[in-house]
Amino acid sequence: MAAIASPEAEIGAPIIEMRKVDKFYGDFHVLRDIDLTVSRGERIVICGPSGSGKSTLIRCLNQLEEHQKGEIVIDGTTVHARLKGIEDIRREIGMVFQSFNLFPHLTALENCTLAPMKVRGTPKAEAEATARKILERVHIPEQAHKYPVQLSGGQQQRVAIARSLCMNPKIMLFDEPTSALDPEMVSEVLDTMVELAESGMTMICVTHEMGFARKVADRVIFMDAGEIVEMAPPDQFFSAPQSERTRKFLGQILHHA
Amino acid sequence: MRTLGSGDIIYIIMAVRWTLLLSLVAFLGGALGGVLVALARTGEYKWLRVASAGYIKVFQGTPLLMQLFLAFFVPGLFGWSVDPWMAAALGLSLHASAFLGEIWRGALEVVPRGQWEAATSLGLRYWPKMVLVLAPQAVRIAIPPTIGFLVQLIKGTSLASIIGFVELTRAAQIINNATFRPFTIFALVALMYYVICRPLSAYSKRMEQKLLVAAR
């Protein structure tokens, strides 16, 4: 069992630490010398052009991707993919994907109860009660018995958020959660994420929704070519970006906004 | 030579139970082996992936008849005597393991990677992930080709006649040797294989069509 600090650990203490992390796909240097510390309750937004390594960065945190150099510490435990008990770390880190990745053979409710029952050993009745409460929190209690294919994209993504929340994670990672959605469904998902942010959840969101970043982020990170180019609170990030690359990128994505 | 009597016909028809029994045993043995091969093939241990890939190549690249000969004669070299029934069951099971393993590996790999990622990120370990998330999705995909292979396997049991196992084909040969009515006898045997296999093929086709519709 990996040691997980108690949930009442003080707000503001570091929960994620990345030190000099490097990752390669063959010869391709995906992450370069990443240093990042995230405090408990902090909300981080990561943006950057495609292929900049932003998704890879968060996927290293729960070791869906292995890093080759450097150290990643999650809540006091140094993680790597061969770590015995890596599952105990993963279950504390919720992850929401661009393509939802709901289990198609299970209903919304079953999607939400599977991991609590099989990973945490929660009794079925209790898992279902929690799932219903959380489906209510993401505003789709009436969809509990539908299969993913019967739901709209926005609803599916909210079920996916609920599925992660049912594990009562300490950290939530969002990997471009609105990129695959039809435009009219983006706001329902963002609203859910804003509510989650207001509840004090530690969040790292890879997204280009700059309105969301302005509203909830404590820090905004700009990545390019595997590096963290810029990291600043949103007002500073948007009004006075330091790097030319950040300015150019913001110019491109805010152009039509 | 004697004439073909109703007793001979009944003898042939009754032999079909050995064909069915051999098919069933080979299919069950093959299913067990096939699961292992599919898991080894998709697993994280390189030596298991290499070994299982080699196993599949060998069994897909050699005739079933040779596999049955080897299953029949090789144990004898080590002092184990096997009767034709055991040899046929063993040979066909090993054969089916390779083919079913390959079919099921394919089905597992068709399940989108995002499913694996979602299950992993929820903290599910290998077996719950496999049994509760990946396998249920793979099974739907795997049913048509699995039944298609079962049809091949049932017809393949006729080769067991050559190592002396008396199933449908061997029974027919025995009767034909005594009565020499090859057209009547082998037409009857072919008809019997057809009656067994045709519904399975039709079912497999129907499942396939259903999947195509569902995929739209």
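So that the names make sense, note that chain A is the first sequence line, chain B the second, and so on, each numbered from 1.
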Between A:E87, A:R120, A:M167, which residue shows the highest count of heavy-atom pairs closer than 4.5 Å to chain B? A:E87
Interchain contact, B:Q115 with chain A, by part (heavy-atom threshold 4.5 Å): both
Heavy atoms from other residues, nucleotides or ligands near NZ of A:K23 exceed 12 (cutoff 6.0 Å): yes
Please say which of A:L61, A:L173, A:D175, A:N62 ends up in a side chain to side chain contact (heavy atoms under 4.5 Å, CB included) with B:S121. A:N62
So which part of A:R59 gets closer than 4.5 Å to some heavy atom of chain B, the side chain, the backbone, both or neither? side chain
Can you confirm whether B:Y203 is buried at OH, in the sense that more than 12 heavy atoms of other residues, nucleotides or ligands lie under 6.0 Å from that atom? no
To the nearest 0.5 Å, tell me how far B:T120 OG1 sits from A:Q63 CD. 12.0 Å
Would you compute the distance between atom CZ of B:R125 and atom CZ of A:R91 and round it to the nearest 0.5 angstrom? 7.5 Å
Heavy atoms of other groups near B:Y194 OH, more than 12 under 6.0 Å: no
Tell me whether B:Y45 at atom OH has more than 12 heavy atoms from other residues, nucleotides or ligands lying less than 6.0 Å away. no
Could you go through the salt bridge (Lys or Arg N to Asp or Glu O under 4.0 Å) check for B:E44 and A:R82 one step at a time? CA-CA 11 Å; B:E44 60 177 307; A:R82 306 277 158 205; 2.9 Å; yes
By number, which residues in residues 94-110 of chain A have some heavy atom less than 4.5 Å away from chain B? A:M95, A:F97, A:N101, A:L102, A:F103, A:P104, A:H105
Would one find more than 12 heavy atoms of other residues, nucleotides or ligands at under 6.0 Å from atom CE of B:M14? no
Please round to the nearest 0.5 Å and tell me the distance separating atom CG of A:L114 and atom CG of B:L124. 5.5 Å
More than 12 heavy atoms from other groups under 6.0 Å of CH2 on B:W18: no
Side-chain contact test, heavy atoms from C-beta onward, threshold under 4.5 Å: evaluate it for A:V119 versus B:L122 and give yes or no. no
